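Here is the structure we will look at.
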2 protein chains.
Amino acid sequence: MFTRELTKSPPKLDIGQMSRILVVEDEDLIREMLVLALEAEGYAIATAADGRAALGLLQSGESTLSLRELASGANSGTLNEFPFELVILDLMLPQINGLDICRLLRHQGNPVPILILSAKGSETDRVLGLEVGADDYLTKPFSMRELVARCRALLRRQRFGGLPQLPVLRFKDVTLYPQECRVLVRDQEVNLSPKEFRLLELFMSYTRRVWSREQLLDQVWGADFVGDSKTVDVHIRWLREKLEKDPSHPEYIVTVRGFGYRFG
Amino acid sequence: MFTRELTKSPPKLDIGQMSRILVVEDEDLIREMLVLALEAEGYAIATAADGRAALGLLQSGESTLSLRELASGANSGTLNEFPFELVILDLMLPQINGLDICRLLRHQGNPVPILILSAKGSETDRVLGLEVGADDYLTKPFSMRELVARCRALLRRQRFGGLPQLPVLRFKDVTLYPQECRVLVRDQEVNLSPKEFRLLELFMSYTRRVWSREQLLDQVWGADFVGDSKTVDVHIRWLREKLEKDPSHPEYIVTVRGFGYRFG
DNA sequence: TAACAGAGTTAATACAGGGTTAAAAAAGAA
DNA sequence: TTCTTTTTTAACCCTGTATTAACTCTGTTA
């Protein structure tokens, strides 16, 4: 299974770590919808409502627009200290049209990925858009989910060379990095055995859900496991020893008597 | 499975310089149309008519050679001595369906760009396709011109875009020059065998990511490797001897018991 | 209150996974 | 070819991990 529930809004936003997207769109309504959807994905968004503003942001970082401040604040820099990793570009813009922006950027050797968003859906328009250096082309009206998925795909290739990456799982003082098989507890790295790691990964993917011992055996050990369900208890014990301040009065992995265990 | 030999029309085609595309499509007519259109663009095309054949072509060790190796020239032969730079993938395939192929490739750590071609045009299908690691999604019926334009966009980014072509890889005291097949460790040049080099190249392309022995065999040896996964251990040992100050207490190539190895 | 079931805890043991080295086999180079 | 380098296999050891089992603790119910 590849899809995974996203834990929403990690508490600490570090703009240097977030993907930075520039949304260039003159229709206020659409622009705001885009911003909302993309911010919900955890991206840092700047916007421009016309071509000149967009070029300003892209070329120098100096802009005539006030930059969107991040919701929860408390981050070190403004958005335009960092280069954009993706541009979502409407074609029909005041001042300078989108195609020209795209052409200009490529002419200047700027490799930032560009996703064109346009009401012009004809084949010729689409081909032309890709021709002048865009990376993707979506026609209005578009599905917000698809747009987000396409952004993810572009950013994935940009940042991680094309391999999909699993989101980091956080809960209170525990952070789990699925790709790295690494777990931090109170900023200390702890060394988990494979079974412990899989257990924790499962727990953290579905916090607050109660798992029976049988379900845990199915998910972590595999459906072909034969043996005592007491095995789970022992592994839970090991895990508690590595996670909990006081393993005998657990705060993370809670026993639900008669049912099983729950994380969180 | 059938592989297509090079078109001979222009006499001096250097396959090492051409973009290599794999077309996976079971309908003969569409497949032939794709081949014609893409060959007209100057790409080198291989085809597969079912999922198993596609996987065979994609996973054979030869097709995972890195660009560097073929840039060094002197190529005599067939298309599949070279890695594919793009896969055009139909979803509805005999034997193994396209989504599974996509998922499997990504699961093995193969980052080749994938353009999905499908009759299923629903938003959910498109999102799902991108979700499992595809880079673009086009629904049938499609315009051949648009398809070609999208291929160009993907290849442009692959070859010249986003990241520079073959960036120098650095981590702490290790520097790897992909083009030159050279590695510096603490400013000392070390001599790596081919396998060692490609292992290190892979590791350094995705630092901190844990690779299982199977993934390493897939990516470095090729999916058709038959033999003991213990082989990896031995090569890791050699590599450690050349990288680490103290090979028995490695700082770069770390063992993650039960999972595999991680660089950094 | 006793009796019981569910859960906690710990220790003992078996075993799988990984490290290491040597030597055979294969691949390249001269 | 012959020599050299590289790759793979095999054997051995060592250690961390999984599992079982025995015993304890705790909450529930009669």
Side-chain angles (χ1 to χ4, degrees), chain A residues 181 183 189-200 210-222 224-244 246-263, chain B residues 61-62 64-65 69 72 74 76 81 181 183 190-201 210-217 219-222 224-244 246-263:
Chain A
C181 295
V183 175
E189 182 161 353
V190 294
N191 193 11
L192 300 188
S193 79
K195 288 276 188 303
E196 288 159 7
F197 186 85
R198 295 230 159 82
L199 261 180
L200 184 59
V210 178
W211 296 87
S212 72
R213 291 172 174 70
E214 287 65 34
Q215 290 175 321
L216 293 173
L217 284 175
D218 279 347
Q219 295 298 313
V220 175
W221 276 257
D224 54 347
F225 173 83
V226 283
D228 195 346
S229 77
K230 209 64 203 298
T231 300
V232 175
D233 297 37
V234 177
H235 284 271
I236 293 285
R237 169 64 183 176
W238 302 140
L239 201 44
R240 279 175 173 161
E241 295 220 320
K242 292 176 180 180
L243 291 190
E244 308 281 357
D246 177 0
S248 294
H249 300 90
E251 139 189 38
Y252 292 107
I253 303 177
V254 186
T255 304
V256 185
R257 201 185 159 86
F259 295 98
Y261 298 97
R262 168 169 54 95
F263 188 90
Chain B
E62 303 307 318
T64 59
L65 293 179
E69 293 176 66
S72 64
S76 46
E81 287 181 20
C181 289
V183 175
V190 295
N191 192 13
L192 299 187
S193 78
K195 286 277 189 301
E196 287 160 8
F197 186 85
R198 286 169 61 187
L199 259 181
L200 184 59
E201 191 181 20
V210 172
W211 296 87
S212 71
R213 290 174 174 68
E214 288 66 36
Q215 288 177 323
L216 293 172
L217 285 174
Q219 294 308 305
V220 174
W221 276 259
D224 54 348
F225 173 84
V226 282
D228 195 346
S229 76
K230 209 64 200 298
T231 299
V232 175
D233 298 37
V234 178
H235 283 271
I236 292 285
R237 168 66 184 176
W238 304 141
L239 201 45
R240 279 174 173 162
E241 296 221 319
K242 293 177 181 179
L243 290 190
E244 307 280 357
D246 177 0
S248 294
H249 301 90
E251 132 188 49
Y252 292 107
I253 304 176
V254 186
T255 303
V256 185
R257 201 185 161 85
F259 293 99
Y261 298 96
R262 175 181 54 204
F263 188 91

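Since the model is a prediction, treat every value here as computed from it, not as a measurement.
Using bins of under 30°, 30° to 60° and over 60° for the plane-to-plane angle, the ring pair A:H235/A:W221 lands in the perpendicular bin.
One interatomic measurement links the two molecules: NZ of A:K230 to P of D:dA21, which rounds to 12 Å at whole-angstrom precision. The distance between atom CG of B:L239 and atom P of C:dG19, rounded to the nearest whole Å, is 13 Å. Computed from coordinates, the B:D233 CG to D:dA10 P distance equals 15 Å when rounded to whole Å. Look at CD1 on B:I236: it is 12 Å from P on C:dT20, rounded to the nearest Å. Counting to the nearest Å, the C1' atom of D:dT7 and the CD atom of B:E241 are 15 Å from each other. One atom, CZ of B:R237, and another, C1' of C:dA22, lie 13 Å apart when rounded to the nearest Å. Distance CG (B:D228) to P (C:dA16): 15 Å, rounded to an integer number of Å. In this entry the distance linking CG of B:L217 with C1' of D:dT7 reads 13 Å, nearest Å.
The phosphate of C:dG8 has neither OP1 nor OP2 within less than 4.0 Å of any side-chain N or O from A:S248. A sub-4.0 Å separation between OP1 or OP2 of C:dG6 and a side-chain N or O of A:Y261 is absent.
Residues forming a side chain to side chain contact (heavy atoms under 4.5 Å, CB included) with A:D224 (at least two apart in sequence, or on another chain): none. Among residues two or more places apart in sequence or in another chain, the ring pair (Phe, Tyr, Trp, His ring centres under 6.0 Å) test is passed with A:Y261 by none. A:T231 meets the side-chain hydrogen bond (donor to acceptor under 3.5 Å, both in side chains) test with no other residue; sequence neighbours excluded. Residues meeting the side chain to side chain contact (heavy atoms under 4.5 Å, CB included) test with B:V234, sequence neighbours left out: B:W238. With sequence neighbours excluded, the residues forming a side chain to side chain contact (heavy atoms under 4.5 Å, CB included) with B:Q215 are B:R209, B:W211, B:S212, listed by chain and number. Residues satisfying the ring pair (Phe, Tyr, Trp, His ring centres under 6.0 Å) criterion with B:F259, sequence neighbours excluded, are A:F197. Listed by chain and residue number, nothing satisfies the side-chain hydrogen bond (donor to acceptor under 3.5 Å, both in side chains) test with B:R257 (two or more places apart in sequence, or in another chain). Taking the side-chain hydrogen bond (donor to acceptor under 3.5 Å, both in side chains) definition, one finds that A:K242 meets it with A:E196, sequence neighbours left out. Not a single salt bridge (charged side-chain N to carboxylate O under 4.0 Å, His left out) links B:D228 to another residue, sequence neighbours left out.
Taking the nucleotide of DNA chain C with the nearest heavy atom to each of B:R213 and A:G258, the more 5' of the two is matched to A:G258.
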Every protein N/O lying under 3.5 Å from an N/O of nucleotides 13-18 of chain D:
{"residue": "D:dA18", "atom": "OP1", "partner": "A:K195", "partner atom": "N", "Å": "3.2"}
{"residue": "D:dA18", "atom": "OP2", "partner": "A:S193", "partner atom": "OG", "Å": "2.7"}

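For the atom pair CD of A:E244 and NE2 of A:H249, the computed distance is 11.5 Å after rounding to the nearest 0.5 Å.
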Contact state string [nucleotides 24-29 of chain C, B base, S sugar-phosphate only, - no protein heavy atom under 4.0 Å]: ------
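Axis deviation across the helix from C:dT1-D:dA30 to C:dA30-D:dT1 amounts to 30°, comparing end segments of five pairs, rounded to 10 degrees.
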